[in-house]
2 protein chains.
Amino acid sequence: MVTQERGADTASAILDVAERLVQQRGFNGFSYADVARELGITKAALHYHFPGKAELGERLVRRYGERFAEALRAIDDGPATAADRLAAYCEVYRRVLLEGRMCLCGMLAADYDTLAEPMRAAVVGFFEQNEAWVAGLLEGGRTDGSLVVTTPALDAARTVIAALEGAMLVARPFETAAVFDAVVGRLLADFVPGAA
Amino acid sequence: MVTQERGADTASAILDVAERLVQQRGFNGFSYADVARELGITKAALHYHFPGKAELGERLVRRYGERFAEALRAIDDGPATAADRLAAYCEVYRRVLLEGRMCLCGMLAADYDTLAEPMRAAVVGFFEQNEAWVAGLLEGGRTDGSLVVTTPALDAARTVIAALEGAMLVARPFETAAVFDAVVGRLLADFVPGAA
DNA sequence: GTCTATAACGAGATAGAC
DNA sequence: GTCTATCTCGTTATAGAC
């Protein structure tokens with residue numbers, strides 16, 4: 001039944017390539033042709049799996065959010081202290097940066113004005129999910145005494161996410177992780193007692 | 001000698017419109033046609049003033065940097081304490097956000113991989129200028145005692161800029177300044193003794 | 001300094017064969 | 001599930017008239 005050797009996971013191969021292109025070039029900086037060329041298939045094959053760019057984009061964000069949620073669960077089951085879990089959270093972002101990428105949803109936040117409604121909603125959902133998780137982490141740290149959180153947990157969570165997204169963004173023109181590391185070092189020093 | 005009523009400042013009118021479009025939609029999210037339509041001129045007229053999109057973009061960044069430098073000088077001549085000057089610096093970003101815009105160079109940092117070299121250099125120059133100014137401000141605050149700066153001034157300056165750019169970025173999908181305000185409130189509380 | 005007209009290309013998208 | 005072929009549109013850009 002199979003004519004081309006790839007099978008049912010062509011869709012995820014497409015998502016992999018498109019994801020990287022969006023993270024590097026932005027949603028308006030890549031095309032179906034770019035993805036097709038890289039996979040050795042035609043644009044028409046792409047339209048079979050994803051009817052349009054907006055639908056592809058929406059699936060991209062939802063998959064990214066699911067993978068991010070998995071990473072957060074892995075952190076929940078990992079480091080014992082809230083301080084260590086916060087450091088692990090920062091490390092997730094750092095790994096993305098080292099691959100030469102921006103956070104997918106950070107990039108799409110920049111492109112936000114040009115996105116169709118379903119994609120917008122998915123981007124908002126990603127940030128809400130992250131805010132809630134980080135806020136819970138900070139609450140936990142306040143309780144077990146491993147973190148110093150002086151403001152409402154949700155406000156503090158937004159600060160953490162904004163700092164990480166901003167650090168990734170500003171690190172891009174400098175083409176080094178040094179800027180990112182300086183920001184994260186300060187961020188952790190602010191929340192972790194004795195880390196200054 | 002003048003056939004159309006506008007005169008020599010058509011160029012700056014073009015820059016005004018293009019600047020806003022880039023700040024809202026990104027460099028790959030606007031076209032010569034968009035700018036021409038809004039000004040009631042043709043694309044050909046645009047090409048007369050700016051041979052290509054890359055040249056327009058470069059002029060855009062340089063003008064933005066000059067205006068930003070003016071704003072920084074105004075702050076230097078304004079508030080007496082370093083703490084107040086830091087707050088004034090944050091307020092510059094806040095005003096941009098309230099206009100529904102992203103920082104021009106923050107947006108271009110996202111688009112960075114797709115930019116031609118001259119534009120990239122201009123974007124890097126903008127961030128270097130800002131880092132240096134903020135670092136000087138923080139040094140001054142450490143000296144006069146109005147700011148608490150525990151890390152190297154340049155690292156701390158990068159934290160400030162990353163937090164502001166990140167706060168603007170993340171505020172976009174939420175379509176409110178509340179996220180931005182939460183971040184800036186925390187930022188100031190970190191540097192200004194007694195502000196927590 | 002701005003226009004009309006058009007070139008040259010790439011984008012997203014579709015029809016229909018295999 | 002992927003192809004070829006094609007469509008339509010928007011993009012950047014240029015030539016030459018006014």
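None of the values given here were measured: they were computed from a predicted structure. Lettering follows sequence order; numbering is per chain, from 1.
For B:T42, counting side-chain heavy atoms from C-beta on, the closest listed nucleotide (D:dC3, C:dT2, C:dC3) is C:dC3.
A:F50 has its CZ atom 15 Å from the C1' atom of D:dT2, to the nearest Å. Whole-Å rounding puts the A:L39 CG to D:dG1 P distance at 15 Å. Going from atom NE2 of B:H49 over to atom C1' of C:dC3 covers 12 Å, rounded to whole Å. In this entry the distance linking CG of A:N28 with C1' of C:dG12 reads 13 Å, nearest Å.
At least one side-chain heavy atom of B:I14 sits under 4.5 Å from a side-chain heavy atom of B:L56.
Ring centers of A:F174 and A:F180: at least 6.0 Å apart, outside the cut-off.
In this structure, B:R62 does not pair ionically with B:E66, as no charged nitrogen and carboxylate oxygen lie closer than 4.0 Å. Here A:R95 does not pair with A:E99 in a salt bridge; the nearest charged N to carboxylate O distance is not below 4.0 Å. Under the 4.0 Å criterion applied to side-chain N and carboxylate O atoms, A:E70 and A:R67 are not assigned as salt-bridge partners. Classification of A:D190 and A:R186 as a salt-bridged pair holds, one side-chain N sitting under 4.0 Å from a carboxylate O.
For the OP1/OP2 pair of D:dT2 and a distance below 4.0 Å, the side-chain nitrogens and oxygens of A:Y48 include no atom meeting the criterion.
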Per-nucleotide protein contact string for nucleotides 9-14 of chain D, where B marks a base within reach and S marks sugar-phosphate only (heavy atoms under 4.0 Å, - for neither): --SBBB
